[in-house]
Peer 1: 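This is the structure, below, for whatever I ask next.
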Number of protein chains: 2
Amino acid sequence: MKISGGVEWSLHCCVVLSQAEDPVPTARLAELHGVSKSYLAKHLQSLARAGLVRPTEGRDGGYVLTRAPADITVLDVVQAVDGAGPAFRCTEIRQQGLLAAPPEQCTAPCGIAKVMADAERSWRDSLSAVTIADLAATLDLAALKQTLQTSY
Amino acid sequence: MKISGGVEWSLHCCVVLSQAEDPVPTARLAELHGVSKSYLAKHLQSLARAGLVRPTEGRDGGYVLTRAPADITVLDVVQAVDGAGPAFRCTEIRQQGLLAAPPEQCTAPCGIAKVMADAERSWRDSLSAVTIADLAATLDLAALKQTLQTSY
DNA sequence: TAAACTCGGATATGACTTATCCGAGTAAAG
DNA sequence: CTTTACTCGGATAAGTCATATCCGAGTTTA
C-alpha cells in the first residue's frame, strides 16, 4: 500500500492558498516549498481537474481555491491527486478454479472484499473529518502571511 | 492508493489452509483457485517469511498455518504481502523552501503527517478486527472440505 | 539407494509513478 | 491598439516498483 508523493505537496499548497488573497502561480508555490516547479505543475493540474482550485491565466495569474478552506477535506485532495478508485479490487477468485462456488452463493459480496472495503471506508472517514482550515489552524499564520507578501 | 494483487490470493489461501489438516503444496493451492502457480509461489514465500505459514519440503510437503485461524488477522496477511511500512511518508516540506518553519516548531509531527497516520491507524484497526476464522465462517465449509479431499 | 517432489531465490517483462519540457492562450502595460 | 511578458495545459522521456516466470538446492518417501 502506497500513496503518491504528490499528495503531500498538494496538501501544503492548499494550505498556502487558503491564506493567500491573490492568485499564486506555480513557480511561486514551488519556491515556497523548495520543490520542483515542473513536477508540482502536474499535481496542480490534477487539483484543477477535480475542481478544487481555479486557474487564472496571463500576467499576475495563478491558482485560487474554489471553495472555503473549511469546505475542502483532506480526502478531497488525496482523491484528486491519487485517484478515487478503491485500493482493493476483488477479482472474484471464489468463482474460479476447482473450488468455485455456485453462482447462487455469489449474490452477496465476497467476505474478503467486504472486509477490505470496510477498512477503506474507515480510512476515508478519517481523512474527510479534517479540512484545509483545520490544517491551517495548526500553523503560525502570521509568519506565513508575512512570507507570502515577501518580494518575488 | 493501491494494494498489491497478491493480497487477495494470499487471503484465500489462508482460508483454505485453515480447513486443511495436511500440508497443501503450492501447485494444489494454485489449481484450487485457478491462478498462476509460479506467481502464487512468490506470495506464499512472503507469508512464510512473515511466519504465518510453515513449509514442509519433500514428497507430500506443502504449507501449514503456524497459528490457529482465530489468531491470524487480515492485517497480518496484508502486511506480510504488501509490506508493513506506512503508506504516507512525510518528507518534512515545512522545513524547506522560503516558508521553512524554525526547527523549534518542528518537535511535534507535521499536521498533515498526523492526519494521514491517524487514517492509516483506522484502516489497520479495521483489518485487525477480522481473523481468518471469521472469513472461513462465511463459507460453505462442508463443500470446501469435500473439494479439498478430491483426488489430485 | 534412488527417485520424485517440495520450496527458495535469482531472473525477464510490463505498467505505473516520477520528472521534464515546450507550445497555446490570456491579461496587463505601454 | 500593439506589444510584451507571463500564465497554464498537454504531450513527452526516464526511472522505479509490481508482475510474472523459471530452474536449482534440499528433503522426504518408497
Peer 1: Is R49(A) near enough to dG10(D) that one of its side-chain N or O atoms lies under 4.0 angstrom from OP1 or OP2?
Peer 2: yes
Peer 1: If we ignore hydrogens and angles and just use 3.5 Å, is the side chain of T66(B) paired with the main-chain N or O of L52(B) as donor and acceptor?
Peer 2: yes
Peer 1: Could you check which of dC7(C), dT18(C), dC8(D) has an atom nearest any side-chain atom of S4(A)?
Peer 2: dT18(C)
Peer 1: Quick one: which of dC8(D), dT20(C), dC7(C) gets closest to the side chain of P25(B)?
Peer 2: dC7(C)
Peer 1: Using a heavy-atom cut-off of 4.0 Å across all strands, would you classify G6(B) as base, sugar-phosphate, or nothing?
Peer 2: nothing
Peer 1: Calculate the interatomic distance between D22(B) atom CG and dT29(D) atom C1'; express it in whole Å.
Peer 2: 15 Å
Peer 1: Output the rounded distance in Å from CG (L40(B)) to P (dT6(C)).
Peer 2: 14 Å
Peer 1: Between atom CD in E8(A) and atom P in dT18(C), what is the gap in whole Å?
Peer 2: 12 Å
Peer 1: Whole-Å distance between dT21(D) C1' and W9(B) CH2?
Peer 2: 12 Å
Peer 1: When you measure from the side chain of R28(B) to the backbone N and O of L148(B), does any donor-acceptor pair fall under 3.5 Å?
Peer 2: yes
Peer 1: Where the side chain of R59(A) is concerned, which of dA29(C), dC8(D), dC7(C) is the nearest nucleotide?
Peer 2: dA29(C)
Peer 1: Find the distance L47(A):CG to dC8(D):P and express it as a whole number of Å.
Peer 2: 13 Å
Peer 1: Check each of L47(A), V24(A), I72(A) against L17(A) using the side chain to side chain contact (heavy atoms under 4.5 Å, CB included) test, and report the only one that passes.
Peer 2: V24(A)
Peer 1: Under 4.0 Å between a side-chain N/O of T26(B) and OP1 or OP2 of dC7(C), yes or no?
Peer 2: yes
Peer 1: Looking across every strand, which nucleic acid part, if any, lies under 4.0 Å from G62(A) by heavy atom: base, sugar-phosphate, or nothing?
Peer 2: sugar-phosphate
Peer 1: How many Å lie between OH on Y39(A) and C1' on dT20(C), as a whole number?
Peer 2: 11 Å
Peer 1: Looking only at side-chain atoms of Q45(A), point me to the closest of dC7(C), dG10(D), dT20(C).
Peer 2: dG10(D)
Peer 1: Which is more 5' along DNA chain C, the nucleotide nearest T56(A) or the one nearest I3(A)? Just name the residue.
Peer 2: I3(A)
Peer 1: Let me know, please, whether K2(A) or S36(B) comes out on the 5' side of the other along DNA chain D by nearest nucleotide.
Peer 2: K2(A)
Peer 1: Would you mind reporting whether V53(A) and L44(A) have side-chain heavy atoms less than 4.5 Å apart?
Peer 2: no
Peer 1: What's R54(A) touching, base or sugar-phosphate or nothing? Going by heavy atoms closer than 4.0 Å.
Peer 2: nothing
Peer 1: Check the distance between dG9(C)'s P and K42(B)'s NZ and give it to me in whole angstrom.
Peer 2: 9 Å
Peer 1: If we only count heavy atoms from C-beta on, is the L99(B) to R94(B) side-chain gap below 4.5 Å?
Peer 2: no
Peer 1: Distance check needed: dC8(D) P versus H43(A) NE2, whole Å only.
Peer 2: 15 Å
Peer 1: Regarding K37(B), tell me which of base, sugar-phosphate or nothing describes its non-hydrogen contacts under 4.0 Å with the strands shown.
Peer 2: nothing
